[in-house]
Amino acid sequence: MAQEDIFKKLIAHCKEYGFVFQSSEIYDGLGAVYDYGQNGVELKNNIKKYWWDSMVMLHENVVGLDSAIFMHPTIWKASGHVDAFNDPLIDNKDSKKRYRADVLIEEQLAKFEEKMNKEVAKAQKRFGDAFDEKQFRETNPRVLANQQKWNELHARFAKALNDNDLAELKQIIVDQEIACPISGTRNWTDVRQFNLMFGTEMGSTADGALKVYLRPETAQGIFVNYLNVQKTGRMKIPFGIAQIGKAFRNEIVARQFIFRMREFEQMEMQFFVRPGSELDWFEKWKETRMKWHRALGFGDDNYRFHEHEKLAHYANAAVDVEYKFPFGFKEVEGIHSRTDFDLSQHQEFSGKKIQYYDPELGESYVPYVVETSIGLDRMFLQIMSASYFEEELESANGKKDTRVVLKLPAPLAPVKLAVMPLVKKDGLPEKAREIIDDLKFDFNCQYDEKDSIGKRYRRQDAVGTPFCATVDHQSLEDQTVTIRYRDTMKQERVAISELKEIIASQVNFKALFAKLS
RNA sequence: GCGGGAGUAGCUCAGUGGUAGAGCAUCAGCUUCCCAAGCUGAGGGUCGCGGGUUCGAUCCCCGUUUCCCGCUCCA
């Protein structure tokens, strides 16, 4: 089957079995926003637990944090998000290319400068050593003409930018007869503002309100709490702060199901280190994180590192962990060496000293940061993609059959155990309930008595339940049940009293964590 | 944002200018079965939404919204 078809089936499966629903579906939906259903929320919580415990429980120098979504607006100025996430964009209707309007105008300004410089260069050649550039620039009519154009355009451009006047920006592009470099035409759309940050107002009165943003990343909540955690937790460098939380980006194009959403959840850990040691830690965390992914057992070859060639303004090293999705290798996690950019920026913008006194060195410094940042929703999709199988089966009488099975790692499965009476009479349902009542404090259990036993097994396969226990007449006599395994479909008869231990040995995270060290 | 495709029952999809059907699923009853498809019955849709053409629109036209694909964008 084509990979794309599998992806489509996976999306349908997510809906049909209560993993993922589109937001506000009965109102036609809301673009690129999704809700997690009764099984999805369980899986998601289990993924969080796997990540959180592997960070906070297994590393004594990593602690947790849960910072608010709303933060002081200046934080986003300090982080660079206000500038970098705020672009006036314009499209050329013929070439279908999109440009930043401000960049187009700046290029036009550069053209005038170029013309002036050419005149200067020509004159310099002609006059040689006697050439007085300052005088030339002040007197040459061609240079003066261009300089005046430059001045006029620059003044107009600066005013438009300051006033955030998009119509004026468009008018400038029209007036300057700026053409698309690809199509060569001047057939432009209007200039539109694309701000990747969602904004709202805090405070009840309009004039006294503070413009606040929904955070576009969770990292800043960690940076601005660096001092609080370091001091109250008596943390010594190197140490890390982990956080799971929602982030929001008003994506221009948000697609591929839950791969790129407007509201999404991140699991981030910022690790603070001594300057100069950041690249060693970067390598160490690369390795640690890759192990974490591979421990799930979806095939080592399905993961790879993708080194960033173009680094963001804050980073001196960056790598993605990519997984082979049905639509190709895609980023699941990013590991970045963020230098001291963020803490220094906050130090500058807040006016508070954000430093660490290193007793070994006997000096204070702004720590460097190595970040691991994983998209929880992407991780969810990755696990669903990797777990979804359509198996061809042949039964004893030669009948062909297919089953859809989610081979989720047992610790992550939404339901751990389904208990079902073989038939719904003769006291079998009561016995099944009895077993659940005993085990429900340990595992998420489900009871099912509807339809044939085979059908019930398949229903559990579809949501990834690793174990089914079936109560039959023999159970009443000798206190045993048949346990049926999801992946192999094998069955064996075990004592009811053994169930707890059999399941516990498979569904706890210990086996996974053992692969991490 | 541009271009293309799609939207009919929970799911997969038929269908017709005269107000809708199948299979599966769901529910109830029968059957009592260890790998989905045995029998009987029931519920469920203002055919994405809005407007237009028409005596009449699920069907034709326009707009809009959502999803998919390509481009674009992407800390």
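Within every chain, numbering begins at 1; the chains are lettered A, B, ... in the order of the sequence lines, protein sequences first and strands thereafter.
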For this session: Report the nucleotide, chosen from B:U31, B:A37, B:C34, that has the shortest atom-to-atom distance to any side-chain atom of A:K424.
Result: B:U31

For this session: Just compare B:A75, B:C68, B:A36 and give me whichever is closest to any side-chain atom of A:E217.
Result: B:A75

Exercise. What nucleic acid atoms does A:E16 come within less than 4.0 Å of, heavy atoms only: base, sugar-phosphate, or nothing?
Worked result: sugar-phosphate

Exercise. Is a side-chain N or O of A:Q270 found less than 3.5 angstrom from the main chain of A:A242, in a donor-acceptor match?
Worked result: no

Exercise. Could a donor-acceptor pair under 3.5 angstrom be found where the side chain of A:H336 meets the base of B:A75?
Worked result: no

Exercise. Checking only heavy atoms, does the side chain of A:S452 share a donor-acceptor pair with the base of B:C33 at less than 3.5 Å?
Worked result: no

For this session: Send over the distance from A:R260 CZ to B:U72 P, rounded to a whole Å.
Result: 13 Å

Problem set entry | Any N/O donor-acceptor pair, A:R249 side-chain to B:C74 base, under 3.5 Å | no

For this session: For the side chain of A:A12, starting at C-beta, report the closest nucleotide among B:A36, B:C27, B:U12.
Result: B:U12

Exercise. Do A:Y34 and A:F21 make the cut of ring centroids closer than 6.0 angstrom?
Worked result: no

Exercise. Does the B:C35 base have a donor-acceptor partner in the side chain of A:D461 within less than 3.5 Å?
Worked result: no

For this session: Looking at every strand, decide which applies to A:T402 at a 4.0 Å heavy-atom threshold: base, sugar-phosphate, or nothing.
Result: base

For this session: Would you check if the distance from the ring center of A:F248 to the ring center of A:Y213 is below 6.0 Å?
Result: no

Exercise. Under 4.0 Å: is that the gap between some side-chain N or O of A:K15 and OP1 or OP2 of B:G10?
Worked result: no

Seminar exercise, completed: Checking A:F325, A:W292, A:F329, A:Y323 against A:Y303 for ring pair (Phe, Tyr, Trp, His ring centres under 6.0 Å), the one that qualifies is A:Y323

Exercise. Rounded to the nearest 0.5 Å, how far apart are CZ of A:R403 and CG of A:D461?
Worked result: 4.5 Å

For this session: Would you indicate which nucleotide in B:C68, B:C27, B:U32 comes nearest to any side-chain atom of A:V423?
Result: B:U32

For this session: Run the ring-centre check on A:F380 versus A:Y36 and record whether the distance is less than 6.0 Å.
Result: yes

For this session: Looking at every strand, decide which applies to A:E25 at a 4.0 Å heavy-atom threshold: base, sugar-phosphate, or nothing.
Result: nothing

Exercise. What interatomic distance, in whole Å, is found between P of B:C24 and the corresponding atom of B:U46?
Worked result: 23 Å

Exercise. Which is true for A:D472 with a 4.0 Å heavy-atom rule: it touches a base, it touches only sugar-phosphate, or it touches nothing?
Worked result: base

Seminar exercise, completed: Taking B:U26, B:C35, B:C67 as options, the one with an atom nearest any side-chain atom of A:Q22 is B:C67

Exercise. When the C1' atoms of B:A9 and B:G45 are considered, how many whole Å apart are they?
Worked result: 5 Å

For this session: Decide if the gap between the ring center of A:H13 and the ring center of A:Y388 is smaller than 6.0 angstrom.
Result: yes

For this session: For the pair A:K431 and A:E434, find out whether any cationic side-chain nitrogen is under 4.0 Å from an anionic carboxylate oxygen.
Result: yes

For this session: Would you mind classifying the nucleic acid contact of A:I453 as base, sugar-phosphate or nothing, using non-hydrogen atoms under 4.0 angstrom?
Result: sugar-phosphate

Seminar exercise, completed: Within residues 427-439 of chain A, those residues having any heavy atom closer than 4.0 Å to RNA chain B are none

Problem set entry | P-based separation of B:U19 from B:C47 [nearest Å] | 13 Å

